[in-house]
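Positions are given from 1 along the sequence. What you see is a predicted model, and the numbers here were worked out from it, not measured in a lab. Below, each value reflects all heavy atoms present in this structure, side chains not excepted, and no hydrogens, waters or symmetry copies.
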Amino acid sequence: MSDNRTEINDLSPTSLNHLIGQKKVVEQLRVAIDAAFEDGKKMDDALLVGPPGLGKTQCCKVIAAELASVCHEVLGQAIECSADLNAVLLAAKDKDIVFFDECHELPKEHQTALYLAIDQRKINLAGGRSGRSPQSIPIANFTLLLATTDEFCLLQPLRDRMKLTLRFEFYTEADLIELTRQRCRALNWPVDDEVFSLIAQRSRGTPRLALRLLQSCRRVVRSEGQSRITPNQLERACSLEGIDELGLGVTEQRFLEIVAADASRLNVIASLLGLPARTVSQVIEPFLLRVGLIVKDDQGRRQLTAAGRDHLSQNRQVGD
């Protein structure tokens, strides 16, 4: 019987045993979940911290599956007023999971209301213009999970009320190889073994990028009427998306070209890239700094390292 699962997210982990990488996080969760079962209570509230694409959202869904709990998921930026926040808190039952993704996007007043609600296990409704006394409505004893890329955008009283802090780190190439191999095996996608290591090298330590590149390879394979993913299809997928052997996209490659021309300040680079300076400093630069392709001098100017010059030279040769 043919397998018609064609999307990388058709299958995803539902157990801690199936999670690849993040060993410290997984061990923390095993202890927390086992303790909750032994005591017959909800799991402790937790803050999940780490760069984008490392599996924080997926981990929250696995927690809910392990606890056999309903997960109420909401984006921080979706909470526009007190009524939105109250609706989420009132919908949850005892031992449910309430998960705020990108919780740093919650306005400060709603962060305050959230930690007060957790403390008091109730929400307070103002009496309004009618002159009625304020009302208090009890909320269930649920587990609160907060995921963020920037914990310091959260009010400290809210951070302090999280009994667990789960810190997500970039994946090793070995973990990414295991992750992509596991997903292909589950989806019954035939793949040359060499492809897994090549994808891992281009994924910048980020599972989301590895799985996206794997999906791109699958798309190329099917467009050719084939079924097996080979290094040739990977190379074509990378070429179509402008991804080099380190996983740098067109914008990152252009960044290196700009810096190679002359040591440049952030606002100059941002202007030449046509991007806000904040986007360049928080999205583009971190990986380039982490792998040692650029450095910042004492005046804040960006400069290529020897590794950066070598990488740029190799890319130019490939382009020629």
*Sub-4.5 Å side-chain heavy-atom contact between L146 and L144*: yes
*Name all residues meeting the salt bridge (Lys or Arg N to Asp or Glu O under 4.0 Å) criterion together with R254; count only those two or more places apart in sequence or in a different chain, and write none if there are none.*
none
*When you look at D175 and T172, which way does the side chain to side chain donor-acceptor pair (under 3.5 Å) test go after all the steps?*
CA-CA 5 Å; D175 285 338; T172 65; 3.3 Å; yes
_Could you check whether any side-chain heavy atom of E169 comes within less than 4.5 Å of a side-chain heavy atom of K24, counting everything from C-beta outward?_
no
*Can a salt bridge be assigned to the pair R301 and D298 using a cut-off of 4.0 Å between side-chain N and carboxylate O?*
no
_Looking at L293, is its backbone amide N or carbonyl O close enough to the side chain of T305 to form a donor-acceptor pair, meaning the two atoms are under 3.5 Å apart?_
yes
*Measure the spacing between CG of L19 and CG of L29 and express it to the nearest 0.5 Å.*
8.5 Å
*asked:* Regarding E235 and R202, does a basic nitrogen lie under 4.0 Å from an acidic carboxylate oxygen?
replied: yes
_Pairwise side-chain contact, L275 with I269, heavy-atom cut-off 4.5 Å (strictly under)_ = no
*Which residues satisfy the salt bridge (Lys or Arg N to Asp or Glu O under 4.0 Å) test with E252, sequence neighbours excluded?*
R204
_Side-chain heavy atoms under 4.5 Å apart, restricted to Ile/Leu/Val/Met/Phe/Trp/Tyr: what other residues fall into the cluster of V220, or is it alone?_
L240
_Pair N17, R30 - check side chain to side chain contact (heavy atoms under 4.5 Å, CB included), show working._
CA-CA 10 Å; N17 291 332; R30 286 192 193 281; 2.9 Å; yes
*List the steps, then state whether side chain to side chain contact (heavy atoms under 4.5 Å, CB included) holds for K56 with D101.*
CA-CA 9 Å; K56 297 185 295 297; D101 201 0; 5.5 Å; no
*Side chain to side chain, L89 and L85, heavy atoms closer than 4.5 Å*: yes
*asked:* Do W189 and R183 make a side-chain contact, defined as non-hydrogen atoms from C-beta onward lying under 4.5 Å apart?
replied: no
_Both conditions, 6.0 Å and 45 degrees, for the charged tip of R121 above the ring of F142: are they met here?_
yes
*Would you check if C71 and D96 make a side-chain contact, meaning some heavy-atom pair closer than 4.5 Å?*
no
*Could you check if a side-chain atom of S216 sits within less than 4.5 angstrom of a side-chain atom of E241, using non-hydrogen atoms only?*
yes
*Check whether any side-chain heavy atom of T149 sits under 4.5 Å from a side-chain heavy atom of P51, and report yes or no.*
no
